[in-house]
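Throughout, residue positions are numbered sequentially from 1 according to the sequence presented.
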Amino acid sequence: MKENDSLIVADLVQGGFPYLEQKIQECQKCALHETVTNKVISKGSQHPKVVFIGEAPGKNEDETGVPFCGRAGKLLDKFIEYMALKDGEWAVINTLKCRPPANRTPTKKEIEICRPFMEAQLELMKPKIIILLGNTAEKAYGETLEWGESKIDENGTYIVKIFHPAALIYQRSREAEQYGYLDKYRYLWEE
């Protein structure tokens, strides 16, 4: 993380969740704010055991301001239920807080601009486990993992990379593989 980004994150964390959310709502650092209906911040607990990181809001999320509320969200809800996570034990955030036009993949610059918000959210939430939903989340977090692989970061947080639920809508054949990853790491959130 760049030194300037570290200062931004420290300021956001010091202000707490209300300040962080206000700064996300006010952000105009990239062109995405010009076309957004609602900025999408988070869903779930502010102090979860597990945080899922997705890519960026889609059409439904942009309309409602709620992450993972469309088809991919219904599939993520199935995974959360399968994991037997209770309310208060999980949260969902995205690497970007604004929807890219036509649901295109976020650019490297957009990810870099929005990254301090994600970093501040994670620092405030202090999860035990971070589940990266796909390649964009992996890039934004700054880790390199194979599908279904895990590692422990410098803060002692477990990082796991699994498929983004949206990808599984189009590749249902990989859904069994996803459940296998969840079974493999179940011990992490059941401790």
Side-chain angles (χ1 to χ4, degrees), residues 24 32 39-46 48-62 64-85 87 89-100 103-108 110-112 114-115 117-123 125-153 155 157-186 188-189:
I24 291 170
L32 293 181
K39 295 194 180 181
V40 179
I41 299 173
S42 68
K43 174 171 81 171
S45 176
Q46 288 189 338
K49 185 187 297 186
V50 180
V51 170
F52 297 88
I53 303 177
E55 182 174 286
K59 182 179 183 288
N60 293 326
E61 291 77 12
D62 182 58
T64 64
V66 178
F68 283 86
C69 65
R71 286 176 58 204
K74 288 185 182 6
L75 193 50
L76 180 59
D77 290 345
K78 268 179 56 177
F79 297 142
I80 291 169
E81 185 177 325
Y82 182 78
M83 294 166 73
L85 292 172
D87 288 345
E89 292 184 330
W90 60 271
V92 181
I93 63 174
N94 281 309
T95 61
L96 297 189
K97 309 310 178 199
C98 297
R99 177 185 183 215
N103 289 349
R104 67 162 168 73
T105 302
T107 66
K108 184 177 178 184
E110 289 164 349
I111 291 169
E112 286 174 11
C114 220
R115 184 175 176 154
F117 293 135
M118 180 188 76
E119 294 275 344
Q121 285 179 300
L122 293 171
E123 203 164 315
M125 290 177 172
K126 298 186 183 341
K128 180 180 169 190
I129 304 137
I130 295 172
I131 298 182
L132 305 173
L133 299 172
N135 291 325
T136 300
E138 174 190 49
K139 287 176 192 155
Y141 191 76
E143 292 290 344
T144 303
L145 297 165
E146 297 297 322
W147 297 114
E149 186 179 36
S150 75
K151 67 170 39 171
I152 300 173
D153 73 8
N155 300 316
T157 306
Y158 285 89
I159 312 300
V160 178
K161 179 184 172 188
I162 64 175
F163 299 118
H164 192 290
L168 296 176
I169 290 170
Y170 304 104
Q171 295 181 5
R172 286 283 183 189
S173 60
R174 298 199 92 164
E175 205 171 312
E177 198 175 341
Q178 184 92 314
Y179 283 111
Y181 299 150
L182 298 177
D183 287 336
K184 180 179 177 181
Y185 296 109
R186 185 174 294 278
L188 293 175
W189 53 84

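Closest heavy-atom contact between Glu61 and Val66: CG-O, 3.1 Å. Closest approach of Glu146 and Glu149 over heavy atoms only: N-OE1, 2.8 Å. In terms of heavy atoms, Ile53 sits closest to Asn94 at CG2-C, 4.4 Å. Asn60 approaches Gly70 most closely through the heavy-atom pair ND2-CA, 3.3 Å.
Lys78 contributes atom NZ, which lies 11.0 Å from atom CD of Gln178 (distance to the nearest 0.5 angstrom). Here Ile130 contributes atom CD1 and Leu122 contributes atom CG; the two are 4.5 Å apart, rounded to the nearest 0.5 Å. To the nearest 0.5 Å, atoms CD (Glu143) and CD1 (Ile159) are separated by 6.0 Å. Rounding to the nearest 0.5 Å places CD1 of Ile162 at 12.5 Å from NZ of Lys184.
Between the side chain of Asn155 and the main chain of Thr157, no donor-acceptor pair closer than 3.5 Å is present. A donor-acceptor contact shorter than 3.5 Å links the side chain of Gln121 to the backbone of Ile41. A donor-acceptor pair is defined here as one N or O able to donate and one able to accept, closer than 3.5 Å; such a pair exists between the side chain of Glu110 and the backbone of Thr107. The main-chain N or O of Leu132 is never found under 3.5 Å from a side-chain atom of Glu138 such that the two would form a donor-acceptor pair. For the pair Lys161 (side chain) and Leu145 (backbone), a donor-acceptor distance under 3.5 Å is present.
For Phe68, the ring-ring contact (aromatic ring centres under 6.0 Å, His included) criterion is met by His164, not counting sequence neighbours. Taking Glu89 as the reference, Lys49, Leu85, Lys86 meet the side chain to side chain contact (heavy atoms under 4.5 Å, CB included) condition, with sequence neighbours excluded. Legend: residues meeting ring-ring contact (aromatic ring centres under 6.0 Å, His included) with Phe79, ordered by chain and number and at least two apart, are Tyr179. For Ala56, the side chain to side chain contact (heavy atoms under 4.5 Å, CB included) criterion is met by Leu96, Pro100, Pro106, not counting sequence neighbours. By the side chain to side chain contact (heavy atoms under 4.5 Å, CB included) test, Leu188 is found to be paired with Ile129, Tyr158, Val160, Tyr185, residues two or more places apart in sequence or in another chain being considered. Contacts of Asn103 classified as side chain to side chain contact (heavy atoms under 4.5 Å, CB included), with partners at least two apart in sequence or in another chain: Arg99.
Residues Ile111 and Met118 form no side-chain contact, since every pair of their non-hydrogen atoms from C-beta on lies 4.5 Å or further apart. The side-chain heavy atoms of Phe163 and Glu177, taken from C-beta on, include a pair separated by under 4.5 Å. Residues Trp90 and Lys43 form a side-chain contact, since some pair of their non-hydrogen atoms from C-beta on lies under 4.5 Å apart. Looking at heavy atoms from C-beta onward, Ile131 lies in side-chain contact with Met83 at the 4.5 angstrom threshold. Here the side chains of Tyr141 and Thr95 are not in contact, with every heavy-atom distance at 4.5 Å or above. By the 4.5 Å heavy-atom criterion applied to side chains, Thr105 and Asn135 are not counted as neighbours.
Salt-bridge annotation for Asp77 and Lys74: absent, with no side-chain N of the basic residue lying under 4.0 Å from a carboxylate O of the acidic one.
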(request) Start with the C-alpha gap between Met125 and Ile93, add the side-chain angles, then the distance that decides, and say whether side chain to side chain contact (heavy atoms under 4.5 Å, CB included) holds. (result) CA-CA 11 Å; Met125 290 177 172; Ile93 63 174; 4.0 Å; yes
